[in-house]
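Scroll down for the structure; my scribbles are underneath it.
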There are 2 protein chains.
Amino acid sequence: MVVVRAGLSPERLTRAGAELADEAGFDQVTLSALARHFDVKVASLYSHLKNSHELKTRIALFALEELADRVAHAVAGRAGKDALTAFANAYRDYARAHPGRYDAARFRLDPQTAAASAGVRHAQMARAILRGYDLAEPDQTHAVRMLGSVFHGYVSLEAAGGFSHTDVASQDSWAWTLDSLDAALRRRATP
Amino acid sequence: MVVVRAGLSPERLTRAGAELADEAGFDQVTLSALARHFDVKVASLYSHLKNSHELKTRIALFALEELADRVAHAVAGRAGKDALTAFANAYRDYARAHPGRYDAARFRLDPQTAAASAGVRHAQMARAILRGYDLAEPDQTHAVRMLGSVFHGYVSLEAAGGFSHTDVASQDSWAWTLDSLDAALRRRATP
DNA sequence: TGTATCTGCCTATAGCCTATAGGCAACACG
DNA sequence: CGTGTTGCCTATAGGCTATAGGCAGATACA
């Protein structure tokens with residue numbers, strides 16, 4: 001009987017899990033499904049992962065990292081509304097291209113893990129965007145929260161199909177929303 | 001052997017499911033848990049519900065209805081920023097008081113069910129709020145989407161603990177955000 | 001009040017999920 | 001070329017959804 005080892009590793013499992021998430025949804029990412037994918041028995045996965053929670057955590061960290069990279073790249077060299085738009089689009093584009101990973105990025109991490117994750121970079125980049133708007137604390141924190149809310153809210157409602165009832169194009173509402181945010185932030189600038 | 005019937009019904013199961021959702025999370029609402037709660041065998045529930053999807057759908061419809069009632073009550077007799085604030089607070093207060101039901105209200109319904117749900121009232125009320133801002137189409141649709149995004153985004157990030165890293169009070173950011181939205185909408189008013 | 005029907009909850013079963021314990025063979029290294 | 005490590009295995013158990021079929025409590029009607 002010719003038996004070749006599958007060559008599993010936490011990294012390969014995470015990668016495959018992320019792809020599965022995009023195809024079938026983050027909640028369909030199970031050890032069973034992954035075992036099937038690698039043509040391996042479920043128990044074998046436990047040599048590489050403590051449990052299914054670790055798998056989800058790893059996918060979440062991977063997605064946060066990947067998304068942060070894209071946002072950083074999009075924002076580089078831009079300022080003001082230009083930077084705001086690039087930031088927002090990077091977010092939305094990622095969620096549309098990788099819905100499962102985007103969901104994964106919202107997976108609730110325990111505080112320590114979160115503190116060591118790319119989530120920190122996300123917060124830093126949001127504050128960097130706001131440099132163009134001259135906001136003093138606590139306004140800057142308020143603005144970070146508002147931006148995060150709008151982007152996450154829009155993207156998740158859009159993904160849920162909430163914007164397909166009328167024939168107003170979602171793209172137009174998105175541009176309109178970014179305009180409004182830019183104006184709102186400029187209005188808040190410290191004199 | 002004294003055997004009394006448990007007196008189950010779709011309504012009682014939905015109610016109990018909603019309560020369980022608030023206590024343990026919407027994803028913890030299972031037929032098993034419900035059967036334990038009523039001290040009944042799981043199979044018995046299938047006389048009242050087609051399957052677990054129907055249970056979740058019923059809880060979702062219940063939550064949408066309840067939330068719409070609260071919003072309607074909060075908004076009644078108000079206009080302009082006053083109405084906007086009442087609308088927003090009704091939303092946020094509900095999500096904080098009933099996190100599981102709020103999650104349930106976001107459960108994805110099939111189009112027919114959604115069309116017959118209180119979700120329709122939510123959309124109508126959002127448009128009613130905007131009457132105070134004199135927006136012509138398609139701006140009104142854009143505004144509905146933006147408001148929905150901010151409210152849902154804020155509430156869900158707040159619930160996920162995303163706003164507890166700094167010591168800026170979430171309440172202040174919320175008020176600041178509503179101020180900004182009000183200003184942004186007034187700016188869009190048709191001249 | 002007796003009896004027939006209906007229906008609510010039951011047992012039994014099966015499939016899919018996570019998880020643990022313990023075994024054997026493929027691989028890597030001296 | 002042996003020998004130890006480790007990658008994947010079988011076996012097992014517990015929790016979840018779901019279906020089929022059975023019995024007894026509730027109800028309705030003579």
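Lettering follows sequence order; numbering is per chain, from 1. What you see is a predicted model; the values in this text were computed from it and never measured.
- Contact annotation: the side chain of A/R96 approaches that of A/R92 to within less than 4.5 Å [non-hydrogen atoms, C-beta and beyond].
- Between B/H98 and B/Y102, a ring centre-to-centre spacing not shorter than 6.0 Å is recorded.
- Both B/V155 and B/M125 are members of a single hydrophobic cluster when ILVMFWY side chains are connected at heavy-atom separations under 4.5 Å.
- Residues B/F151 and B/V71 are members of one and the same hydrophobic cluster, defined by side-chain heavy-atom contacts under 4.5 angstrom among Ile, Leu, Val, Met, Phe, Trp and Tyr.
- Here D/dC16 presents its P atom at 10 Å from CG of B/L31, a figure rounded to the nearest Å.
- B/S170 and B/Y154 share a donor-acceptor pair across their side chains, judged by distance under 3.5 Å alone.
- From one end of the helix from C/dT1-D/dA30 to C/dG30-D/dC1 to the other, with five pairs defining each end axis, the axis direction shifts by 0° (rounded to 10°).
- Distance alone, capped at 3.5 Å, is enough to place a donor-acceptor pair between the B/D22 side chain and the B/R101 backbone.
- Distance CG (B/D39) to P (C/dC10): 8 Å, rounded to an integer number of Å.
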Kindly give the atom pairs (protein nitrogen or oxygen, nucleotide nitrogen or oxygen) under 3.5 Å for nucleotides 11-15 of chain C.
none

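- Distance, A/L55 CG to C/dC17 P: 14 Å, rounded to whole Å.
- Distances shorter than 4.0 Å separate some side-chain N or O of B/R36 from OP1 or OP2 on D/dC16.
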Q) Going through the distances and angles, do A/E11 and A/R15 end up as a salt bridge (charged side-chain N to carboxylate O under 4.0 Å, His left out)? A) CA-CA 6 Å; A/E11 290 70 28; A/R15 234 353 272 201; over 6 Å; no
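- With contacts defined as side-chain heavy-atom distances shorter than 4.5 Å, the pair A/D69/A/E66 does not qualify.
- As judged by a 4.0 angstrom heavy-atom cut-off over every strand, B/S52 is placed among residues touching the sugar-phosphate backbone only.
- Between B/D27 atom CG and D/dG15 atom P the separation is 18 Å, expressed in whole Å.
- Between A/H48 and D/dC8 there is a side-chain polar atom (N or O) within less than 4.0 angstrom of OP1 or OP2.
- Between the OH atom of B/Y46 and the P atom of C/dC10 there is a distance of 14 Å, rounded to whole Å.
- Using a 4.0 Å heavy-atom criterion, one finds that A/T30 contacts the sugar-phosphate atoms exclusively.
- Rounded to an integer number of Å, the gap from CG of B/L49 to C1' of D/dT19 is 15 Å.
- D/dT17 atom C1' lies 10 Å from atom NZ of B/K56, rounded to whole Å.
- Taking atom CD of B/E11 as the reference point, atom P of C/dG8 lies 12 Å away to the nearest angstrom.
- The side-chain tip of A/R145 does not point at the ring of B/W176 from less than 6.0 angstrom away and within 45° of straight on.
- Residue contacts for B/S32: at a heavy-atom cut-off of 4.0 Å it reaches a base atom on one of the strands shown.
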